[in-house]
Asker: 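Dropping a structure here in structure tokens format, bear with me for questions.
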Amino acid sequence: MIVVDTNVIAYLYLPGEHTAAAEALLERDPDWVAPPLWRSEFRNILAGYLRRGMLSFEQALALQEETEALLAGSERDADSRQVLELVRTSDCSAYDCEFVALAQALTVPLVTMDAKLLRAFPQTAMALAAAR
């Protein structure tokens, strides 16, 4: 089991330079967990693709549904106190700290490409490239 942030999820479904690494990670460890916040963040990423004309509405909807199916039953809430403790001791957003708090609570790594998270939480956060 691993916690993945929304960007790793997006790399899996939106082709780009990190897609192969995300696919390899899923093959190696298919038990992905994320806080429910990932849904809103992923919808926001899809909104950007829609607005730039890179996806049709139907494609964006299909990607959201496919991603929700992948993470069905794998969403866990982060403890608010722990999130705020992490915010207090870092310069990371509460949104990002939700992923860190969840990984720490489950005692599993958080896989991310967020440089700020990687710097702030080196004992918890692991770069997607290093998760190979």
Side-chain angles (χ1 to χ4, degrees):
M1 175 188 298
I2 55 173
V3 173
V4 292
D5 75 1
T6 307
N7 287 324
V8 172
I9 296 166
Y11 296 144
L12 183 66
Y13 288 100
L14 298 165
E17 68 177 290
H18 302 295
T19 299
E23 290 171 342
L25 179 65
L26 182 64
E27 187 173 315
R28 217 174 22 269
D29 190 342
D31 192 5
W32 287 14
V33 179
L37 169 67
W38 80 265
R39 290 174 181 247
S40 293
E41 289 186 336
F42 190 67
R43 284 189 290 260
N44 198 49
I45 292 168
L46 293 175
Y49 276 73
L50 275 169
R51 290 188 179 119
R52 290 188 301 275
M54 299 172 71
L55 288 175
S56 69
F57 174 81
E58 291 75 18
Q59 290 171 316
L61 183 59
L63 285 172
Q64 184 70 35
E65 290 171 349
E66 187 175 346
T67 309
E68 288 176 5
L70 173 74
L71 292 169
S74 297
E75 295 170 314
R76 307 274 195 295
D77 288 318
D79 178 73
S80 293
R81 180 181 183 89
Q82 178 65 14
V83 171
L84 292 173
E85 288 286 346
L86 295 169
V87 167
R88 182 172 66 164
T89 61
S90 74
D91 63 345
C92 296
S93 72
Y95 302 118
D96 288 341
C97 287
E98 281 198 35
F99 292 88
V100 177
L102 181 57
Q104 289 178 350
L106 297 173
T107 63
V108 300
L110 163 63
V111 180
T112 183
M113 288 294 288
D114 187 310
K116 191 184 279 190
L117 283 174
L118 292 166
R119 275 191 311 276
F121 303 104
Q123 272 69 34
T124 305
M126 165 190 294
L128 175 59
R132 292 180 177 211

Asker: Is there a side-chain contact between Glu23 and Leu12 (heavy atoms, below 4.5 Å)?
Answerer: yes
Asker: Residues in side-chain hydrogen bond (donor to acceptor under 3.5 Å, both in side chains) with Arg88, at least two apart?
Answerer: Glu85
Asker: According to a hydrophobic-cluster definition based on side-chain heavy atoms being under 4.5 Å apart (Ile, Leu, Val, Met, Phe, Trp, Tyr only), do Leu70 and Leu106 belong together?
Answerer: yes
Asker: Which pair of heavy atoms, one from Ile45 and one from Leu14, lies closest together, and at what distance?
Answerer: CG2-CD1, 3.7 Å
Asker: Mind checking whether Val111 and Leu118 sit in one hydrophobic cluster, side chains of I, L, V, M, F, W, Y counted as touching below 4.5 Å?
Answerer: no
Asker: Which atom names give the shortest non-hydrogen contact between Val33 and Arg76, and what distance separates them?
Answerer: CG1-CG, 3.6 Å
Asker: If two hydrophobic side chains count as joined below 4.5 Å and joins carry through other members, does Leu61 share a cluster with Ile9?
Answerer: no
Asker: Could you list all the side chain to side chain donor-acceptor pair (under 3.5 Å) pairs where at least one residue sits in residues 107-119, not counting sequence neighbours?
Answerer: Asp5-Thr112
Asker: Look at the aromatic rings of His18 and Tyr11 and report parallel, tilted or perpendicular, splitting at 30° and 60°.
Answerer: tilted
Asker: Flag the pair Cys92 / Phe121 as yes when at least one side-chain heavy-atom distance between them is below 4.5 Å, and no otherwise.
Answerer: yes
Asker: Surrounding CZ of Arg51 (heavy atoms of other residues, nucleotides or ligands, distance under 6.0 Å), is the total greater than 12?
Answerer: no
Asker: Return all side-chain donor-acceptor pairs below 3.5 angstrom for residues 96-104, not counting sequence neighbours, or 'none' if the list is empty.
Answerer:
unit_1, atom_1, unit_2, atom_2, d
Gln104, OE1, Gln82, NE2, 2.6
Gln104, NE2, Thr124, OG1, 3.1

